[in-house]
Amino acid sequence: MISSHDFKQINKYLYEIPRSFRADMRVPARFYADSELQKAIQGDRSLEQLVNTATLPGIVKYALAMPDMHQGYGFPIGGVVATQLPDGIISPGGVGYDINCGVRLLATQLEKEEAAPYLEDLASALYANCPSGLGKGGHIKLKPGELDLLVVKGAKWALKRGYATESDLERTEEGGCLEGADPGKVSDRAKNRGQDQVGTLGSGNHFIEIDMVDRIFDEPVATRMGIFHNQVTVQIHSGSRGFGHQVCSDYVKRLQKTIQQYGFSLPDRELVCAPLSSPEGQDYLAAMNAAANYAFVNRQLLTYHIRRSFEQVLAGKVKNHHVYQVYDIAHNMARIEEHEVDGRRIKVCVHRKGATRAFGPGSSLLPGIYRDIGQPVLVPGSMGTASWVLVGTEGSMTQTFGSICHGAGRVISRSKAKKAVRGAKLREELEACGIHVRVSSMSGLAEEAPSAYKDVDRVIEVVHGAGIAKKVARLIPLAVIKG
DNA sequence: ATGTCC
């Protein structure tokens with residue numbers, strides 16, 4: 001158990017566990033928090049897991065964790081680990097089971113008052129049109145072999161099939177198409193699971209939410225993103241479904257078999273990994289990129305279903321029911337990037353697990369429309385609470401390999417939440433707050449109770465205060481659709 | 001997160 005005696009405070013929101021804490025640490029571990037958020041992680045193993053990641057071969061600078069951190073598979077969720085190429089490691093546990101789980105923000109030209117009479121119908125239409133729930137299949141059937149093309153082309157596949165616009169792709173991280181995706185490195189079982197699940201929400205903490213813009217913090221940046229006070233927006237939180245899950249399972253198993261030949265001694269089996277330069281490392285990277293492209297397409301097809309839903313309910317009733325894309329970000333990924341370490345620019349593999357890329361202004365990897373303001377970052381809160389739009393800063397580039405948090409972060413486990421909360425009662429409470437709820441599983445709803453999560457506003461205060469992101473807008477929920 | 005065991 002790691003206590004406050006084991007770490008030192010670097011500044012108001014940053015703490016460090018020095019390398020001397022454990023003989024096997026290659027770099028110090030740093031985490032962002034305030035006193036309240038520190039208390040929230042005392043009940044789990046996330047700090048120990050953070051220290052464990054500091055032992056990984058090839059890690060540079062620091063093992064990092066964001067203020068929403070909590071216990072995960074091997075790596076903490078909210079963890080950021082960069083390893084130096086060519087021989088630093090890549091680890092499936094540093095990405096997570098839901099490869100390219102992420103968030104897409106869509107915006108309308110409607111103000112809340114204009115949409116209010118139709119919210120009930122919009123919630124029902126979204127629930128009817130966007131398949132959700134565990135193992136659920138979708139409306140869009142792929143021809144045999146088409147999935148291989150889909151995972152290579154990503155959002156470009158959706159564009160060609162009429163499910164996306166050029167503007168959507170420009171407003172998606174990496175244009176919604178990662179290079180180096182190879183379906184030949186993906187098992188038939190993963191493909192079978194993914195075959196009919198594209199364009200589906202899933203379960204757990206995945207959701208579609210209608211929100212309104214509650215507060216603007218940076219008017220010029222918000223205007224650039226097309227965001228204004230009182231505006232109705234839509235958020236999608238989903239990932240790569242059974243496809244990505246199976247890719248992760250397959251490679252965890254395969255890499256466990258090859259781990260000993262590289263002579264790594266790991267403090268936890270779940271940190272299973274391979275050098276990026278190895279055949280297994282390269283194969284996982286290619287399979288992970290395929291799963292990431294699958295997830296981009298998944299959120300794109302959900303966007304298509306959302307647009308159909310708005311059309312069905314609002315056509316002829318409001319002057320403009322168009323749904324625009326603001327941005328789409330991944331928060332479970334490993335990416336090869338260049339970063340400055342000890343005054344030199346080097347190539348690293350940045351694992352962001354429950355962490356979001358947040359590049360500062362001027363990055364050549366940002367689309368022209370957003371290059372001068374920094375990368376838009378979308379941070380959903382827990383159900384019924386606020387969500388945030390931010391931008392990356394120069395500070396995120398120097399402190400965290402251009403990364404910030406991904407959400408509120410759990411405080412208690414799913415199983416504990418299920419025991420403590422009754423789904424039906426929670427639904428009543430949300431409806432009493434004026435939030436329309438559509439949900440297929442009441443126990444699933446209980447697992448996602450706001451009381452099971454940290455306070456997202458506090459998490460945002462930390463990343464903003466630490467200078468690794470800048471607040472742009474705060475959103476509050478009007479309707480939530482869950483699996 | 002996830003056809004919560006192939």
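Every chain is numbered from 1, with letters handed out A, B, ... down the list of sequences.
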Exercise answer: donor-acceptor pairs, residues 148-155 of chain A side-chain atoms, under 3.5 Å, sequence neighbours excluded:
{"residue": "A/Asp148", "atom": "OD1", "partner": "A/Lys191", "partner atom": "NZ", "Å": "3.3"}

TODO: Name the nucleic acid region contacted by A/Gly204, choosing base, sugar-phosphate or nothing; use a 4.0 angstrom heavy-atom cut-off, strictly under.
DONE: sugar-phosphate
Open item on the list: Need to verify one output field. Residue with the more 5' nearest nucleotide on DNA chain B, A/His206 or A/Lys253?
Closed with: A/His206
Open item on the list: Filter on side chain to side chain donor-acceptor pair (under 3.5 Å), then keep only pairs touching residues 472-483 of chain A, sequence neighbours left out; what's left?
Closed with: A/Asp214-A/Arg474, A/Asp457-A/Arg474
TODO: Determine whether the aromatic ring centres of A/Tyr32 and A/Tyr13 lie less than 6.0 Å apart.
DONE: no
- [ ] For the pair A/Tyr327 and A/Tyr370, name the ring-plane relationship: parallel under 30°, tilted 30 to 60°, perpendicular over 60°.
- [x] perpendicular
Open item on the list: Can you classify the ring geometry of A/Tyr294 versus A/Phe243 as parallel (below 30°), tilted (30 to 60°) or perpendicular (above 60°)?
Closed with: parallel
Open item on the list: So A/Gln197, base contact, sugar-phosphate only, or nothing? Heavy-atom distance under 4.0 Å.
Closed with: sugar-phosphate
- [ ] Using heavy atoms and a sub-4.0 Å distance, could you list which residues of residues 378-390 of chain A are near DNA chain B? By number, please.
- [x] none
TODO: With heavy atoms under 4.0 Å as the rule, sort A/Glu448 into base, sugar-phosphate or nothing.
DONE: sugar-phosphate
TODO: Mind running a 4.0 Å heavy-atom check of residues 130-137 of chain A against DNA chain B and sending the residues that fall below it, in number order?
DONE: A/Leu134, A/Gly135
- [ ] Assess the side chains of A/Thr303 and A/Gln325: does a donor N or O sit below 3.5 Å from an acceptor N or O?
- [x] no
- [ ] Quick one: which residue pairs count as a ring-ring contact (aromatic ring centres under 6.0 Å, His included) with a foot in residues 180-212 of chain A, not counting sequence neighbours?
- [x] A/His206-A/His237, A/Phe207-A/His237
Show which side-chain atoms of residues 157-164 of chain A pair as donor or acceptor with protein atoms under 3.5 Å away, not counting sequence neighbours.
{"residue": "A/Trp157", "atom": "NE1", "partner": "A/Glu146", "partner atom": "OE2", "Å": "3.3"}
{"residue": "A/Arg161", "atom": "NE", "partner": "A/Glu146", "partner atom": "OE2", "Å": "2.8"}
{"residue": "A/Arg161", "atom": "NH2", "partner": "A/Glu146", "partner atom": "OE2", "Å": "2.6"}

TODO: Mind checking A/Gly242 for me? I need base, sugar-phosphate or nothing, with any heavy atom below 4.0 Å counting as a touch.
DONE: sugar-phosphate
